[in-house]
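As structure tokens, the structure follows; a few thoughts come after it.
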Amino acid sequence: MNTHGLIYADRQLIEAMAADATLRQLAGVAALPGIVGPALAMPDAHQGYGFPIGGVAAFDPDQGVVSPGGVGYDINCGVRLLRSRLGADDLSAGQLTRLADDLAAGVPAGVGRGSQVQLSDKDMDQVLARGAAWAVAQGYGDTGDLEFCEAGGALSPADPQAISPRARQRGRGQLGSLGAGNHFVELARVEHIYNQAAADAFGLTAGGLVVWIHSGSRGLGHQVCDDFLRRLAKDKEAVHPPERQLVAAPAGSSIGRQYVAAMGAAANFAFANRQLLTHRVRETMFRSLAASPRDLGLGLIYDIAHNIAKLEEHITPEAGEKRRVWVHRKGATRSLGPQHPEVPSRYSAIGLPVLLPGDMGTASYVLAGTTIAEAETFGSAAHGAGRRLSRKAAKKQAAGRDLAAELAQAGVVVRSHSRGTLAEEMPAAYKDVAQVARVMDAAGIARLVARTVPLVVIKG
DNA sequence: ATGTCC
């Protein structure tokens, strides 16, 4: 190892990490060349492809690497949160059911499912280069949305030409679609406020209705990851660690630059995707409730990327030097404290919103970023509950059960395109998100702001 | 996560 690992967890969470390959994978990350500061594991960390999900690592731009396994297959998988002017309890059961039906009909979802938008090659170039800004320019959303997206909703560098024809083809009909797996649209009620000043700044009120949107770069990002893993596996320039899935490219090498440019373009596809989904959700809700945008609100609180590598400037942990580093956040969220220049001015006294979606039957958390995270974790925090059961084990446990009925009984209206997805995503498949939130608050890498509970969930 | 194997 070139550095040590640093894990944020309580006893139970670290025992779960010890029971799978998380710690071995973290040691593999710590052995990569040019790593700066420790190899970090957030409290939701679990084993992933080569590099733990919930892992964070920073690399020197000259001596270090970029790694597709350190970003993940779903490039710029991420989460958005919308506030509303509605009280959740003002909606009748009938209105909620109708919203569930209308959103299920209006939001394209499911494996391989496409969108209503068919992109020309020229449009696709613009999506890949400009991300959410392209979507807003096309009328999908408000100009104001961009201020509340990480990186303004577009990564740079991003080169449309670095994307393979196959990746482009897979993405062509998928912009504005949810996908499957853990992706969702959720209407939720703000159940508890922990920090009133932060909640006020974020526009969250107790009892208020909010909307969570979780999606990524669909088949396009998946293909980009696959393309570069294959190319790196047979590239002499590449770094080939004993854990073969952790193959990496020197950040300054030709293939490293190509990966970064392709990853940025795929990330932009994901930003545009969430922007189109947002537009579709707003339109559907306005129509379903026969309400005006003025009455409903649905302004964007924030859009975070939780599968990404970015060249960022940080004061390095322990050494305390100001350096530009390639920060890999794989299943990890950015956490920046008050007054940081990348925090929108509306939130500058509070810190960046840290969005922590839980499972579809329990709760999700909104937290605020901290200067402690800036100092210790390259400005990073956890991204969710973390899996307790593999997809396969979850399906086995769900056999013979009617999960939609169980969730309805618990007050959550679920619409899913696939029974399999519902089984893989059942609440018992996830660890306790409250535990993850508590660890972050106790360690100071993010501060609790609010808890929301699900009312309506749309799944792939 | 994923046209769940080109």
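In what follows, chains carry the letters A, B, and so on, assigned in the order in which the sequence lines appear, proteins first and then strands, with residues in each chain numbered from 1.
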Sequence neighbours excluded - side chain to side chain donor-acceptor pair (under 3.5 Å) pairs with any residue from residues 124-139 of chain A: A:Asp125-A:Arg168, A:Gln126-A:Arg130
Hey, are A:His306 and A:His214 close enough side-chain-wise for a donor-acceptor pair under 3.5 Å? yes
Spacing of A:Asn273 atom CG relative to B:dT2 atom P, expressed in whole Å: 10 Å
Relative to the ring of A:Phe148, is the ring of A:Tyr347 parallel (under 30°), tilted (30 to 60°) or perpendicular (over 60°)? tilted
The residue, A:Arg113 or A:Arg230, whose nearest nucleotide of DNA chain B is more 5′ is A:Arg113
Separation of A:Gln174 atom CD from B:dT2 atom P, in whole Å? 8 Å
Using atom CZ of A:Arg172 as one end and atom P of B:dT2 as the other, report the distance to the nearest whole Å. 19 Å
Mind calculating the distance between CG (A:Asp226) and P (B:dC6) to the nearest angstrom? 8 Å
One thing to verify: whether A:Asp145 and A:Arg80 come together as a salt bridge, which I'm taking to mean a side-chain N less than 4.0 angstrom from a carboxylate O. no
Calculate the interatomic distance between A:Glu424 atom CD and B:dT4 atom P; express it in whole Å. 13 Å
In whole angstrom, give the distance that lies between atom CD of A:Gln223 and atom P of B:dT2. 13 Å
With sequence neighbours excluded, tell me which residues meet ring pair (Phe, Tyr, Trp, His ring centres under 6.0 Å) with A:Tyr8. none
If only side-chain N and O atoms count, and only distance matters, is there a donor-acceptor pair under 3.5 Å linking A:Glu150 with A:Tyr302? no
Nearest whole angstrom, please: distance from the C1' of B:dC5 to the OH of A:Tyr73. 12 Å
Applying a 4.0 Å non-hydrogen cut-off, can you work out what A:Gln169 is touching in the nucleic acid: base, sugar-phosphate, or nothing? nothing
Residue closer to the 5' end of DNA chain B, A:Val111 versus A:Lys459 (nearest nucleotide): A:Lys459
Got a sec? Which of residues 210-221 of chain A come in under 4.0 Å of DNA chain B, heavy atoms? A:Arg218, A:Gly219
Test A:Ser177 against every option in A:Arg218, A:His183, A:Arg280, A:Arg113 by the side-chain hydrogen bond (donor to acceptor under 3.5 Å, both in side chains) rule and name the one that passes. A:Arg218
Taking atom P of B:dT4 as reference, at what distance in whole Å does atom CD of A:Glu425 sit? 18 Å
